[in-house]
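In what follows, a structure is listed as structure tokens, so that the remarks can point back to it.
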Amino acid sequence: MRSTPYRSTPVGRPGPSDSPAPVGRAELLARLDRVLHGRGRAVLTGPAGIGKTEVARAAAARAACRGETVLWLAPQPADRDIAGAAAAALMASVPPSALDGLPGPQRDAVAVLCREAAAPEEGRDPVALRLGVARVLRTLAERGPVLLVVDDARRTDADSADLLRFALHLAPPALRVLAVETPAPQGPEGVGTDDGEGDGAGGEEGAADEDGAGAPALWVPSEADVLLVPPLHADEIAELLVHHRLPSRMAGRIHRASGGNPRLALAVGRSVADARGPVHHAEALPLSGRARDLARGMLAPASPAVRAALLLGALALRPTAALIRRAGRPAAEAELAAAERAGLVTLTEDGAVAFTAGLLPSTLVHDTCWTTRTRAHAALAGVVDDPVEAVRHRALATDAPDEDLAAEVARAADTARRRGDSALAAELALLAAESTPGHLGRRRLARLVDAAQEAARAARADLATRAAADLLARDAAPADRARARLAVLDTAGQGLTDLDETYVHAMEDSEGDPGLRAGVLLRLAVKYVLADGDPVRSRAAAVESAALAASVGDRHTAAQALTQQARMDRVLGAPDAERTLAEARALEMTDRPLGIRNTAQILTIRHALFDDRLAEARDQLYALLPLVERRGPVEDAIELFRTLAEVESRRGQCAAALAHAERSLALTLEAGLSPGPAWYALALAEAAGGSFARAASYARRSAQASEEEGDHVFLSRSLYALGRVQLLTGDVAAAVETLRRVRDNESAQCTVDPSMLRWHEELAEALLASDALEEAQALLADVGPVAERLGRTTVLLGCDRAYALCLAASGRTEEAVGLLAETADRFAAHGLVLEQGRCLVALARVERRRRRRSAAHQAMQAAAAVFERAGALPWLALTADGPARTDPAPAAGGALSRLTEAELHLARLVGEGASNQEAAARLYLSVKTVEARLTRIYQKLDVRSRAQLASALNAPAGSDR
């Protein structure tokens with residue numbers, strides 16, 4: 001008798017850290033847990049690859065953590081035809097002791113089942129077998145809770161389903177059952193099979209199931225709650241990519257391509273990771289290999305009629321059931337309904353058709369021959385009611401050059417541009433160029449330049465690259481080549497590291513044309529700071545660009561170049577930054593740029609943010625908001641909401657900061673842009689009013705995306721946000737490491753102005769907490785004069801807070817208390833309530849170390865009131881838990897006041913019995929460092945042993961002064 005190919009063994013008992021919720025499934029898992037403990041029966045369902053098995057595994061791991069017995073059945077497709085296979089595997093997996101109490105006939109029947117599951121039924125006693133299986137499950141449940149997971153119940157053979165149905169009907173409530181099912185859609189003309197899955201490894205693996213037969217029922221449908229596993233949101237897809245070490249900067253585009261299906265998303269992510277060269281747009285995602293195969297597997301159940309209807313939907317700009325019916329599919333509603341049941345499309349009440357994953361229509365079109373595609377375009381051209389769409393379909397229905405058609409397409413592109421549909425305008429502009437006959441060479445070249453520039457306005461890197469490649473392959477003038485290359489550069493977003501050759505050729509092509517050369521230098525100025533981290537070269541390029549643009553009367557480029565110069569002047573600490581910015585703003589007022597990104601107007605607002613003129617920055621941003629939301633490009637809206645999030649985070653308006661940051665991220669992912677900047681803003685907002693844990697997660701994601709893009713600016717910002725959270729949550733060693741990276745990055749970029757990224761005060765405090773007092777003092781001594789020279793008042797306040805802590809660590813606690821109280825009041829005067837509260841927390845801790853419990857309590861209560869009014873939830877938690885967690889009880893005579901924060905922490909650990917090795921591991925220090933620090937502690941407290949140290953720590957406090 002062959003053994004059945006089942007994975008049917010009890011799940012082990014992992015520790016709590018082994019059973020985290022799969023990405024985006026925490027709420028679903030909580031609901032599943034409630035259902036299982038309420039009704040005892042649940043079904044997880046959803047399309048292939050959605051992650052059902054991962055959710056079931058997490059539920060099983062949690063049950064095992066609670067001490068429950070977990071049984072796991074995972075039949076394979078071929079086992080459905082083996083009578084009794086599932087029941088045999090289940091009985092073989094239970095502990096042998098569960099069979100001990102079975103009567104002889106039942107024990108024999110179960111033994112025969114396990115031994116001869118694939119043999120004919122001679123020798124089986126069906127009644128004894130049913131009773132035996134039921135008795136085994138009842139015995140297990142009487143010993144304690146049992147969770148039975150059936151992974152893909154459709155593969156359960158009919159005999160086993162009958163046995164389990166009987167046994168489960170008699171089972172006590174302590175036996176809970178979770179079934180995982182992939183629905184088998186039924187529809188007209190053979191739409192009824194699917195690729196039954198194992199949904200494992202993050203929902204990425206799974207074998208096709210050749211048989212679309214329905215699943216044998218394990219219970220009456222009304223006995224179980226059915227839970228649909230939904231697609232992941234775009235931000236959850238980003239988290240999934242980070243978890244699997246895949247490029248997260250493409251998260252929005254990968255979400256669109258996958259429709260939130262984890263298996264598809266991971267396949268697309270791996271395609272992107274394996275691709276050579278930069279990828280800047282969803283339409284240009286390298287969807288090869290596994291990704292295409294998975295999409296083909298999803299499309300495979302569709303009949304030829306359904307595929308024909310779906311092809312029309314894939315080619316139309318705004319597909320509806322009525323449009324597809326008019327284009328030659330009289331049964332369109334039925335065909336689309338079948339496709340919807342197969343999980344390929346969704347249909348709205350008004351008949352609009354949307355594919356569940358962008359990979360599906362692109363694969364459908366990719367795999368359809370040109371002849372069939374052209375027939376479909378021709379059919380659509382005759383039935384669409386928009387003349388612009390009709391022209392598009394007519395152009396795509398032929399590959400024969402035709403000047404009349406090309407001119408008509410060019411006019412349609414102008415119409416789309418006036419409507420504000422820049423993506424369609426870019427597509428049509430390129431179609432117009434490609435439809436132009438070869439003998440009209442100059443006209444074709446002019447249209448290719450227009451197409452490239454239109455693609456740049458639409459941020460369509462794929463179309464810009466196509467237009468530029470076509471133009472560069474022809475005998476184009478240098479000026480045309482330069483314009484095409486500038487369009488490619490303008491669609492690169494944050495990822496400029498792979499375009500060095502394009503910059504070189506653009507410089508060469510712009511030789512002798514001051515206007516074009518100014519444009520190239522402007523792009524180089526941006527590249528030098530973002531990709532190369534060199535603000536000196538960036539400023540020099542901006543200065544030259546501004547001069548060249550002014551020489552030819554190009555006020556638009558001159559204003560942009562002066563804005564970039566002012567930005568670099570601020571970074572470099574030059575005194576003329578504000579004067580240059582005012583000059584750029586004056587030019588901009590006359591030029592009236594269409595957007596706000598990279599303009600003097602938005603930089604003026606950001607300078608107000610850096611200077612903590614927050615009310616002024618907020619008012620100017622809100623004044624821009626209606627205009628940007630009404631008719632601005634999406635990049636402008638993203639920039640506006642991100643800056644608003646930074647301003648409101650700094651002001652302590654926590655709810656508003658979170659709302660703006662979330663809006664910025666949603667727009668970023670929807671547009672398919674790099675999420676690094678939006679994640680940074682969300683890290684700041686979460687650190688202000690959400691969760692320190694989420695803030696750290698977003699900061700790490702931002703750092704990863706920025707590194708992928710080669711973006712030095714946002715890499716430093718995201719690391720700063722991470723280091724700050726690490727410091728606030730007590731992870732001092734990690735904070736020092738992270739903030740030192742920020743310091744090194746900023747030093748390499750020659751950054752002088754300390755107001756743009758306030759890492760100095762954070763690193764000083766982290767160094768102090770790690771017992772590096774002299775290094776902390778040296779850092780503050782370096783930054784103070786610079787901040788004073790530049791007039792950065794609130795930077796000096798942050799340094800004062802850190803310096804006060806240095807005073808306390810040096811034993812000068814009276815001075816520290818005075819400085820902290822004064823600094824808190826001055827922060828409040830500037831409207832920086834979180835910084836005010838932070839000073840009050842520091843004040844409370846110093847007072848606590850001075851044994852002034854009443855003053856400490858008063859300061860901490862004041863901090864809590866500040867944080868509560870601001871809605872700063874994570875900070876409020878610090879006021880409740882921080883002192884008790886980090887401060888040891890004061891020793892008699894106030895001796896502990898002579899210890900630094902780091903020494904106090906170590907003393908507490910050792911006093912509680914930790915060995916040097918254990919303390920070193922918990923504090924992320926070397927054993928030698930712990931030994932040296934302990935020596936200093938013993939000297940300061942005048943103790944000679946661990947026992948005396950513990951006594952000093954636990955000595956009763958004296959009376960409050």
Side-chain angles (χ1 to χ4, degrees), residues 252-253 255-257 259-260 281-283 295 299 302 306-340 342-366 368 372-397 408-432 454-455 457-460 462-463 631 633-634 667 670-672:
R253 302 157 208 190
H255 179 261
R256 284 212 302 272
H281 198 273
E283 318 306 340
L299 290 164
V306 172
R307 288 179 72 94
L310 290 176
L311 177 63
L312 290 167
L315 296 176
L317 290 177
R318 289 180 290 275
T320 64
L323 178 66
I324 293 170
R325 183 179 64 251
R326 293 198 305 269
R329 304 301 310 171
E333 282 78 4
E335 291 161 352
L336 292 170
E340 185 177 41
L344 302 176
V345 298
T346 58
L347 304 174
T348 63
E349 291 296 325
D350 60 358
V353 180
F355 283 86
T356 55
L359 188 55
L360 296 174
S362 71
T363 299
L364 189 63
V365 173
H366 179 274
T368 301
T372 303
R373 289 201 312 270
T374 56
R375 283 201 299 265
H377 277 301
L380 288 167
V383 296
V384 293
D385 55 8
D386 181 3
V388 170
E389 292 183 41
V391 170
R392 171 182 176 269
H393 286 300
R394 285 198 291 112
L396 291 170
E408 193 175 357
V409 175
R411 290 192 294 272
D414 291 337
T415 302
R417 186 185 305 112
R418 288 195 299 273
R419 293 177 179 175
D421 192 342
S422 56
L424 179 58
E427 181 188 357
L428 291 170
L430 183 55
L431 269 176
E454 196 66 57
R457 284 188 285 270
R460 285 290 302 268
D462 57 321
L463 299 182
R631 60 183 180 86
V634 67
L667 291 171
E670 182 182 343

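- Once rounded to the nearest 0.5 Å, the distance linking NE2 of His366 with OG1 of Thr363 reads 7.5 Å.
- Minimum interatomic distance between Val409 and Ala395 (heavy atoms only, all atoms of both residues): CG2-CB, 3.8 Å.
- Rounded to the nearest 0.5 Å, atoms CG (Leu323) and CG (Leu312) are 7.5 Å apart.
- Interatomic distance, Leu430 CG to Leu463 CG, rounded to the nearest 0.5 Å: 6.0 Å.
- For Glu333, the side-chain hydrogen bond (donor to acceptor under 3.5 Å, both in side chains) partners two or more places apart in sequence, or in a different chain, are Arg325.
- For the side-chain contact (heavy atoms from CB on, under 4.5 Å) test, residues two or more places apart in sequence or in another chain that qualify with Ala337 are Arg341.
- Here the shortest heavy-atom pairing between Gly343 and Thr356 reads O-OG1, 2.8 Å.
- Arg373 approaches Thr368 most closely through the heavy-atom pair NH1-O, 2.7 Å.
- In this structure, CD1 in Ile324 is found 10.0 Å from CZ in Arg329, a value given to the nearest 0.5 Å.
- Applying the side-chain hydrogen bond (donor to acceptor under 3.5 Å, both in side chains) test to Arg375 and every residue at least two apart in sequence or in another chain returns nothing.
- Partners of Asp386 according to the salt bridge (charged side-chain N to carboxylate O under 4.0 Å, His left out) rule, which considers only residues two or more places apart in sequence or in another chain, are Arg318, Arg419.
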| said: Working note: Val353 + Leu347, criterion side-chain contact (heavy atoms from CB on, under 4.5 Å); need CA distance, chi angles, decisive distance, verdict. | reply: CA-CA 5 Å; Val353 180; Leu347 304 174; 3.7 Å; yes

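- The two residues Ala413 and Ala429 make their nearest non-hydrogen contact at CB-N, 3.8 Å.
- Scored by the side-chain contact (heavy atoms from CB on, under 4.5 Å) test, Ala379 finds Ala327 as partners (sequence neighbours excluded).
- Heavy atoms only, all atoms of each residue included: Leu315 and His393 are closest at O-CE1, 3.3 Å.
- Atom CG of Leu396 sits about 10.5 Å away from atom OG1 of Thr374, to the nearest 0.5 Å.
- Of the listed residues (Arg417, Arg392, Arg460), just one forms a salt bridge (charged side-chain N to carboxylate O under 4.0 Å, His left out) with Glu427, and that residue is Arg392.
- Minimum heavy-atom separation, Ala458 to Ser422: CB-O, 3.4 Å.
- Residues meeting the side-chain hydrogen bond (donor to acceptor under 3.5 Å, both in side chains) test with Arg307, sequence neighbours left out: none.
- Partners of Ala357 under the side-chain contact (heavy atoms from CB on, under 4.5 Å) rule, at least two apart in sequence or in another chain, are Leu264, Leu360.
- Residues meeting the side-chain contact (heavy atoms from CB on, under 4.5 Å) test with Arg394, sequence neighbours left out: Ala381, Val391, Leu405, Glu408.
- By the side-chain hydrogen bond (donor to acceptor under 3.5 Å, both in side chains) test, Arg457 is found to be paired with Glu454, residues two or more places apart in sequence or in another chain being considered.
- For Arg411, the salt bridge (charged side-chain N to carboxylate O under 4.0 Å, His left out) criterion is met by no residue, not counting sequence neighbours.
- Between the CG atom of Leu380 and the CZ atom of Arg326 there is a distance of 10.0 Å, given to the nearest 0.5 Å.
- Annotation: side chain to side chain donor-acceptor pair (under 3.5 Å) contacts involving residues 343-353, sequence neighbours excluded, comprise Thr348-Asp350.
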